[in-house]
Amino acid sequence: MQANSHSELENWHDFTVQSRREIVTILRSVGEKKQLVRILIHGEADVCVTSVLKVDPDGDQLIMDCSIDPDQNKRILAASKLGLETSLDKIRIMFNATGMRETKFEGGPALMMPIPESLIRLQRREYYRMPTPVSNPVRALITMPEENGGEVENFPLADISCGGVALLDNKMILDNTIGQVYANCRIDLPEVGMVTTNLEIRSTHDLTLLNDKQSRRLGCQFVNISRGNLAAVQKYITKLERERNARIAGLS
């Protein structure tokens with residue numbers, strides 16, 4: 001399972017579960033099916049594998065097994081925010097945790113946190129990201145704001161998923177404010193067709209390329225994308241997967 005940063009959860013707010021009853025049901029099922037839960041203390045560098053011991057909605061308590069490493073338990077308790085990941089019936093479950101405390105469960109040491117107010121539930125098709133071709137990049141056409149000239153600029157894609165795309169802003173001209181929305185963006189998917197959607201900036205990373213030039217990678221989420229356009233995105237991802245599998249088969 002791929003790790004997530006705390007901020008990455010914001011990229012998937014369309015898949016947020018906020019019903020307390022549903023959250024309790026999901027967490028109980030994770031415990032009953034003995035699914036492993038990963039606590040990410042500082043990303044992949046510090047991960048504790050644990051499990052759900054009890055979900056107590058009346059006491060607002062989620063009780064989890066603690067680490068066998070006492071020092072790791074100290075880091076968990078000292079962390080201001082933790083990322084947690086698990087899966088249930090092949091669906092990825094992610095949520096953040098604050099207020100982790102020590103407790104006892106059936107006579108042994110355990111960890112306790114408030115039941116999360118929300119969690120993210122993603123099927124593989126929703127979060128799987130496919131890199132786009134480098135030699136002949138897929139490009140997104142975005143109309144710049146009037147105050148910036150109102151011209152249509154094109155930006156190569158780094159990857160694509162059913163949730164959004166990663167753009168490369170090599171000229172550093174896009175407003176990379178988190179939450180900034182660009183309307184009616186067009187993405188020309190080879191052999192599939194043109195997709196039109198709004199794109200919302202959800203993450204931004206400045207890059208230094210091998211030639212020492214600066215670039216910026218922008219994680220963008222589809223906003224109000226139509227079913228037809230989403231079907232076209234899925235069709236293109238499937239096409240890329242087939243091409244990749246053919247290349248792998250040719251090398252074997």
Side-chain angles (χ1 to χ4, degrees), residues 2 4-18 92 94 96 117-207 209 213-241:
Q2 184 180 355
N4 67 286
S5 65
H6 305 311
S7 61
E8 188 191 356
L9 297 189
E10 297 176 358
N11 295 343
W12 307 107
H13 62 70
D14 279 355
F15 307 103
T16 300
V17 177
Q18 293 181 310
R92 184 182 181 190
M94 303 183 293
N96 286 333
E117 295 182 357
S118 66
L119 55 78
I120 303 295
R121 183 175 57 190
L122 290 173
Q123 295 186 50
R124 179 168 297 276
R125 62 182 174 81
E126 292 164 340
Y127 67 84
Y128 181 69
R129 299 180 183 183
M130 176 62 70
T132 49
V134 176
S135 57
N136 186 25
V138 179
R139 297 185 180 275
L141 303 176
I142 300 178
T143 302
M144 302 300 291
E146 289 297 330
E147 58 268 24
N148 293 340
E151 299 293 328
V152 176
E153 300 282 351
N154 70 79
F155 302 87
L157 270 58
D159 64 42
I160 186 169
S161 75
C162 287
V165 296
L167 301 177
L168 295 176
D169 182 8
N170 296 323
K171 299 179 183 178
M172 315 278 271
I173 58 176
L174 286 173
D175 180 352
N176 66 332
T177 303
I178 303 300
Q180 171 69 33
V181 176
Y182 290 93
N184 299 319
C185 303
R186 292 173 291 152
I187 304 172
D188 190 5
L189 302 177
E191 300 179 35
V192 173
M194 189 72 73
V195 166
T196 302
T197 180
N198 300 337
L199 292 176
E200 178 179 352
I201 306 295
R202 302 305 305 169
S203 65
T204 175
H205 300 284
D206 288 349
L207 308 171
L209 306 180
K213 290 186 177 180
Q214 297 298 306
S215 182
R216 180 172 288 153
R217 181 187 176 104
L218 299 173
C220 302
Q221 177 178 286
F222 296 139
V223 178
N224 297 328
I225 187 169
S226 70
R227 290 192 177 187
N229 281 316
L230 189 58
V233 170
Q234 181 62 65
K235 183 177 180 180
Y236 181 66
I237 291 173
T238 301
K239 172 181 175 294
L240 291 178
E241 285 181 304

Q) Yes or no on side-chain contact (heavy atoms from CB on, under 4.5 Å) for N176 and R217, after CA distance, side-chain angles and deciding distance? A) CA-CA 9 Å; N176 66 332; R217 181 187 176 104; over 6 Å; no

(Q) Is there a side-chain contact (heavy atoms from CB on, under 4.5 Å) between R121 and M94? Walk through the geometry before answering. (A) CA-CA 7 Å; R121 183 175 57 190; M94 303 183 293; over 6 Å; no

(Q) Applying side-chain contact (heavy atoms from CB on, under 4.5 Å) to I187 and L157, what does each step give before you reach the verdict? (A) CA-CA 9 Å; I187 304 172; L157 270 58; 4.1 Å; yes

Q: Please test F155 against I173 for side-chain contact (heavy atoms from CB on, under 4.5 Å), starting from the C-alpha separation and ending with a verdict.
A: CA-CA 10 Å; F155 302 87; I173 58 176; 3.9 Å; yes

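Proximity of I160 to V233: side-chain heavy atoms (C-beta onward) are separated by under 4.5 Å at one or more points. Proximity of P190 to Y236: side-chain heavy atoms (C-beta onward) are separated by under 4.5 Å at one or more points. By the 4.5 Å heavy-atom criterion applied to side chains, V138 and L189 are counted as neighbours. A heavy-atom distance below 4.5 Å is not found between the side chains of E153 and I142. Proximity of L218 to V165: side-chain heavy atoms (C-beta onward) are nowhere separated by under 4.5 Å. Looking at heavy atoms from C-beta onward, P131 lies out of side-chain contact with L240 at the 4.5 angstrom threshold. A heavy-atom distance below 4.5 Å is not found between the side chains of L141 and D188. Considering only heavy atoms from C-beta on, C185 stays 4.5 Å or farther from T196 through its side chain.
Using a 3.5 Å distance cut-off with no hydrogens or angles, the side chains of N170 and S215 do pair a donor with an acceptor.
In this structure, K239 does not pair ionically with E241, as no charged nitrogen and carboxylate oxygen lie closer than 4.0 Å.
In this structure, Q234 CD and S161 OG are separated by 9.5 Å, a value rounded to the nearest 0.5 Å. Remark: I120 CD1 to R92 CZ distance equals 10.0 Å, nearest 0.5 Å. Here the straight-line distance linking atom CD of Q214 with atom CG of L207 works out to 8.5 Å at 0.5 Å rounding.
The backbone N or O of N184 sits less than 3.5 Å from a side-chain atom of N198, completing a donor-acceptor pair. With N229 contributing its side chain and V195 its backbone, the two residues share no donor-acceptor pair below 3.5 Å.
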